[in-house]
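In this text, all values refer to a predicted model and were calculated from it rather than measured experimentally. As the structure lists them, so they are numbered: ligands from 1, and atoms in each ligand from 1. Index from 1, following the sequence.
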Amino acid sequence: MRTDRTFTMLKPDSVEKGHIGAILEKITASGFRIVAMKLTQMTKADAEEFYAIHSERPFFGELVEYMTRGPIVSAILEKANAVEDFRALIGATNPADAAEGTIRKLYAASIGENAVHGSDSDENAAIEGAFHFSGREMF
Ligand code: UDP
Ligand code: MG
């Protein structure tokens with residue numbers, strides 16, 4: 001994946017609350033082009049692999065439970081400086097610390113159920129995008 005791309009998920013709480021449209025509007029209005037997108041549900045094995053870096057953390061079990069309880073919208077987004085700009089758009093992991101106007105400030109309930117994922121580096125964006133999409137699903 002090119003380095004002007006990032007990977008995102010609208011997590012199960014966003015889908016359950018009917019926030020898909022509002023969040024996508026904010027993403028596209030902020031200049032991100034949708035390169036790949038689908039509604040999908042992660043299995044327990046998928047979530048454990050995707051979040052393997054957090055496997056020793058005390059919240060890991062809850063995180064896997066949360067991320068697998070319903071469908072998510074996964075997507076690859078393109079924009080100059082995509083990774084950094086998207087992290088700024090979503091805000092801090094804990095919505096209590098997220099800046100006004102950020103997606104997490106607007107839509108996240110807690111540090112655990114925080115509405116959206118955004119890759120933290122170009123390398124992880126490429127790994128995460130390839131985890132969710134085949135080459136034929138990227139435009
Ligand atoms: N998380 C949690 N409790 C914590 C920290 C993180 O439940 O104390 C969850 C939360 O859903 C977060 C995900 O684990 O988005 C991954 O954590 P990370 O520190 O990578 O945050 P992010 O990169 O998503 O901001
Ligand atoms: Mg992270």
Side-chain angles (χ1 to χ4, degrees):
M1 195 158 79
R2 301 193 333 229
T3 56
D4 53 356
R5 293 182 175 183
T6 191
F7 172 78
T8 188
M9 297 181 285
L10 311 193
K11 296 180 176 183
D13 53 324
S14 293
V15 177
E16 288 159 9
K17 292 173 183 170
H19 291 156
I20 296 174
I23 294 173
L24 289 180
E25 169 59 23
K26 209 161 164 54
I27 290 170
T28 53
S30 300
F32 292 89
R33 184 177 80 82
I34 296 167
V35 171
M37 176 170 283
K38 65 187 166 192
L39 193 65
T40 185
Q41 186 165 1
M42 288 202 285
T43 65
K44 188 164 181 282
D46 290 335
E48 286 172 350
E49 185 179 340
F50 188 89
Y51 283 113
I53 192 157
H54 296 305
S55 62
E56 302 305 317
R57 306 283 290 278
F59 58 81
F60 187 65
E62 272 179 36
L63 175 59
V64 170
E65 183 73 23
Y66 159 52
M67 289 302 298
T68 58
R69 78 177 185 215
I72 60 168
V73 174
S74 60
I76 296 171
L77 305 172
E78 185 175 84
K79 180 183 184 295
N81 205 36
V83 165
E84 195 183 336
D85 286 5
F86 193 71
R87 292 290 301 204
L89 179 65
I90 69 177
T93 306
N94 186 344
D97 302 328
E100 288 301 326
T102 59
I103 292 172
R104 281 170 167 167
K105 185 69 172 188
L106 289 166
Y107 299 110
S110 66
I111 191 169
E113 303 209 2
N114 60 5
V116 282
H117 169 81
S119 304
D120 63 7
S121 66
D122 290 342
E123 185 191 5
N124 283 334
I127 292 168
E128 293 170 0
F131 183 85
H132 282 265
F133 293 99
S134 72
R136 278 184 289 111
E137 296 174 304
M138 300 178 194
F139 303 89

Among all protein heavy atoms, pick the one closest to atom 22 (P) of ligand 1 and tell me residue, atom and distance.
Thr93 OG1, 3.6 Å
Give the ring-plane orientation class for Phe32 versus Phe86, where under 30° counts as parallel, over 60° as perpendicular and anything between as tilted.
perpendicular
What is the ring orientation for Phe50 with His117, classed by angle as parallel under 30°, tilted 30 to 60°, or perpendicular over 60°?
perpendicular
Decide whether the shortest distance between a heavy atom of [X] and an atom of ligand 1 is less than 4.0 Å.
X      : answer
Ile111 : yes
Met67  : no
Arg57  : no

State whether the side chain of Ser119 and the backbone N or O of Thr6 hold a donor-acceptor pair below 3.5 Å, judged by distance alone.
no
Short question: side chain of Lys26, backbone of Gly101 - any donor-acceptor pair under 3.5 Å?
yes
Does Glu84 have more than 12 heavy atoms from other residues, nucleotides or ligands lying within 6.0 Å of its CD?
no
Is it the case that more than 12 heavy atoms not belonging to Glu137 sit under 6.0 Å from its CD atom?
yes
Is Tyr66 close to Asn114 at the side-chain level, that is, under 4.5 Å between some pair of heavy atoms?
yes
Closest heavy-atom approach to atom 20 (O) of ligand 1 among Lys11, Arg87, Met9, His54 is made by His54
At a 4.0 Å threshold, what atoms of ligand 1 neighbour a non-hydrogen atom of Arg104?
15 (O), 22 (P), 24 (O), 25 (O)
Of all the atoms in ligand 1, which lie at a distance below 4.0 Å from a heavy atom belonging to Asn114?
10 (C), 11 (O), 12 (C), 15 (O)
Is it the side chain (CB and beyond), the backbone, both or neither of Leu63 that lies under 4.0 Å from ligand 1, heavy atoms counted?
side chain
May I ask you to check if ligand 1 and [X] share an N or O to N or O distance below 3.5 Å?
X      : value
His117 : no
Tyr51  : no
Gly112 : yes

Return the CG to CD1 distance between Asp97 and Ile111, rounded to the nearest 0.5 Å.
7.5 Å
